[in-house]
Amino acid sequence: MYKLALAGFVATAAGQNFPSFDWFHANCAMEVTFDMTCADLYNKIDSVAASFNPGPSKGLYKIKQTKQDDYIWVTRTTPVKHYTDDIIFYVKGTGASCTVNAKSRSQTLSYYDYDTNYCNMWNVFNTVGGFSGLSTTDCKW
């Protein structure tokens, strides 16, 4: 029983280890709402992120860590200079509506990233489709 409780704490704490926003790394946060259950949305985001190589922006998305129906933490590496960004998608909601709070942060030192962190999240949401109420915070444009 103690092992199960400890395992649950470690999984929750792991998502909390997502790098914080600071003045030394470009970042952006986004919130959107989808008209689907969080379980369905979680599975769609997971599927998109696991096999994603979006059109003209390219870049490689790779799943770093997940907690079923809670969060998906991915990285995206740019195609030319191989910069890497951390992106996390937190899902929450009940019934037929689900809200995603997402964050994207550059791993390398940078203040401005030509909207890359915004696009990291937008590309996934746009591929999943059917969202509304997009709002952003902490984006450096």
For the side chain of [X] and the backbone of [Y], is there at least one donor-acceptor N/O pair under 3.5 Å apart?
X      : Y      : result
Thr78  : Tyr83  : yes
Arg76  : Lys58  : yes
Tyr61  : Asn120 : yes
Ser47  : Asn43  : no
Asn126 : Trp122 : no
Asn101 : Glu31  : no

[X] versus [Y], closest heavy-atom pair with distance:
X     : Y     : answer
Cys38 : Ser97 : SG-O, 4.4 Å
Thr66 : Tyr42 : CB-OH, 3.1 Å
Ile72 : Ile45 : CD1-CG2, 3.7 Å
Asp22 : Phe24 : OD1-N, 2.8 Å

Could you measure the distance from the [atom1] atom of [X] to the [atom2] atom of [Y]? Nearest 0.5 Å is fine.
X      : Y      : atom1 : atom2 : value
Lys103 : Thr137 : NZ    : OG1   : 8.5 Å
Ile63  : Ile87  : CD1   : CD1   : 11.0 Å
Leu60  : Phe52  : CG    : CZ    : 11.5 Å
Asp40  : Cys98  : CG    : SG    : 9.5 Å
Ile88  : Thr75  : CD1   : OG1   : 12.0 Å
Phe21  : Arg105 : CZ    : CZ    : 8.5 Å

Legend entry - Validation row: Trp73, Lys67 side chains within 4.5 angstrom (heavy atoms): no

Inset, instruction - Return the orientation label for the Phe125 and Phe131 ring planes: parallel under 30°, perpendicular over 60°, tilted otherwise. - result: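 Taking Phe131 first and then Phe125, their aromatic rings sit tilted (interplane angle of 30° to 60°).
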
Inset, instruction - Over 60° means perpendicular and under 30° means parallel, so classify the ring planes of Tyr112 and Tyr114, tilted if in between. - result: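 Judged by the thresholds at 30° and 60°, the geometry between Tyr114 and Tyr112 is perpendicular.
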
Inset, instruction - Would you check, one step at a time, whether the test side-chain contact (heavy atoms from CB on, under 4.5 Å) holds for His25 with Leu109? - result: CA-CA 5 Å; His25 300 87; Leu109 295 176; 3.8 Å; yes

Inset, instruction - Indicate if Leu134 and Val48 have the same hydrophobic cluster label, given that clusters are the connected sets of ILVMFWY residues with side-chain heavy-atom separations under 4.5 angstrom. - result: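 Same cluster.
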
Inset, instruction - Flag yes if more than 12 heavy atoms outside Tyr90 fall under 6.0 Å of its OH atom; otherwise flag no. - result: yes

Inset, instruction - List the steps, then state whether side-chain contact (heavy atoms from CB on, under 4.5 Å) holds for Val74 with Phe89. - result: CA-CA 8 Å; Val74 302; Phe89 301 93; 4.0 Å; yes

Legend entry - Sole candidate of Asn27, Asp85, Asp86, Thr116 that passes side chain to side chain donor-acceptor pair (under 3.5 Å) when paired with Ser106: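 For Ser106, the side chain to side chain donor-acceptor pair (under 3.5 Å) test succeeds with only one of Asn27, Asp85, Asp86, Thr116, which is Asp85.
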
